[in-house]
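Written below as structure tokens is the structure these notes are about.
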Amino acid sequence: MISDRITALRELMKREGVQAYLVPSSDQHQSEYLPECWKRRKWLSGFTGSAGDVVVTMDKAGLWTDGRYFIQAEEQLKSSGIVLYKMGLPDSLKMEDWIASELKEGQKLGVDPKVLSMESASGLKRTLKEKGMVLHYIDSNLVDELWTDRPSPSLGPVEVLDVRYSGESLESKLSRIRKKMDEKGCTVHITGALDSIAWTLNMRGKDIEFNPVFISYLSMTKDGGVLFIDPIKLDAKSKKHLMDKVVVRSYSEFEAYLKELSEKEVKVWLDPKTTNKWTALKLEGKPKVHQERSPIVDLKSVKNEVELKGFRDSLVVDGVAMVRYFKWLRENVPKGSVTEISAATKLEELRKEGKHFVGLSFTTISGYKGHGAIIHYDPTPETDVELKSEGIYLVDSGGQYMNGTTDITRTMALGPPTPEQIDMFTRVLKGHIAIASLRFPKGFSGKQLDAFARKALWDAGKNYNHGTGHGIGHYLNVHEGPMGITPRDAGVPLSAGNVLSNEPGYYKENEYGIRTENLIVVVKDEEFSTPEQEFLRFETLTLCPIDLSLVDRKMLTKEERKWLNEYHRLVRRKLSRKLDPETRAFLKELTRKV
Ligand code: ZN
Ligand code: ZN
């Protein structure tokens, strides 16, 4: 029982002398997707979403999560005694403010410094200090003490990603990172961000479901590097790949290494967003600390030509699976027996047949009717429903391929849609096209572009509670910074080579959900660029039909119709050759001119 776990946690809080305890969503690597052994917030609260922090006081408990999870969290927290606090709404109560209002002056909020980033730790510390309260670090994790049957960490093997997929050698990446370190006068750069480590080393792992990363820390110096990893994960090929460039030490030696380093006069670059507070605390001593976003994050977000070709190739494979899936739905839904789960399973089977497929890039969101309105709905046997020849079905899914990562959402009418559904779908499409065809001066961030995707919805007094786009890794994490297209974005300017999603939506609780998501890449706008002002634009990478039965062509401008027709012509041209004649004819019908 969840309430028993919270009661037991309160006993440990008493022992430690803290009046509140924070259990963030994250682990020591500040990952979004965690290995099972570190899903502490899920174990404590029962909430399974990918984002959400829990705070427990002596008589209350609260969970803070964002718009993607409001409906799911409400459902999963029922009878847990934990109150849901919705983030990102105009009247949202911030977690820090809630803590400050619940604690009295001089009281303490306990937290494991490993699961808090340096940035969150200093923000929280400041807020509490202003109110006369204390952020108290407890080195042992209190949830771990209670979670007696906690799974052990994964020991999955690590593989070398050949340069014909990554497009750049390990040596070249190390030297580009070192150049950035030099520019800031840094002699050491330490990162615990798993996707940054995988990208730098041209290696991929199996430690976390959906994310091809491996649990490790990486320290780079001016002439070498140290990888902290369970050595059992490395085979002869991996060891040879790292030889003379990066030394391997065991994961558990990282603490001792920080201690050694704390005695040295070095300047260490730490990314406050992705470095845990524990690392910073262990380094306290002689080193100077330079706090800035890791140079790897920016280098990784600009995809090279080989990576971009990989994205394009994998999106052909992915598009073929999607079209075959639509055909299967069209043929099987009327017969009955297709459910949200069996549909998701079928889609996975179709993807598996694709070249270079490794696994899914996240849990397939397969939501029929009202379930489509739950933004990150993951059907379970208890919630599973049969798809019928009526209503709207939303499917958001993606694959990990050795040459790319995909993420696509399509919404389709399984029967005749209502005028309201057509109206809303077309507004979402107008927003999608607005981004896809946008041309903007270099220097603008996704934060500034986000509103274009919402304009047609705002015109009808509607909105959606999530960002319009996120960066995506190359055979790496499906969510990748530093840039995005969202009002909550840090405002990082977009650069040519950034790959992002374009995914506006609309959700009507208990009735239906609409989202149209393609991957896009930022490219230089040759026509508009001048020596004084470079212009950028997006190029759509994803190849998959958009359901025309939900489109009101009269609501589209001439330019929007042109975009849609050209997009569908491209989809047909790229996918037709890979399809059997019957599926090809089906695709032709789906991509007809409007
Ligand atoms: Zn998606
Ligand atoms: Zn997405």
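None of the values given here were measured: they were computed from a predicted structure. As the structure lists them, so they are numbered: ligands from 1, and atoms in each ligand from 1.
- Below the 2.8 Å limit, the Zn ion (ligand 1) has as protein N, O or S neighbours Asp396 OD1, Asp396 OD2, Asp407 OD1, Glu517 OE1.
- Between the Zn ion (ligand 2) and His470 there is an N/O/S contact shorter than 2.8 Å.
- Annotation: Tyr512 is not in aromatic contact with Tyr393 [ring centroid separation under 6.0 Å not met].
- Seen from the ring of Tyr475, Arg204 counts as a face-on cation partner, given the 6.0 Å and 45° thresholds.
- Sorted by first then second residue, the ring-ring contact (aromatic ring centres under 6.0 Å, His included) pairs that include residues 302-328, not counting sequence neighbours, are Phe311-His474.
- In this structure, Phe538 has its ring center closer than 6.0 angstrom to the ring center of Phe440.
- Comment: Arg312 engages Glu539 in a salt bridge, judged by a side-chain N to carboxylate O separation of less than 4.0 angstrom.
- With hydrogens and angles left out, the side-chain atoms of Tyr85 and Thr65 include no donor and acceptor closer than 3.5 Å.
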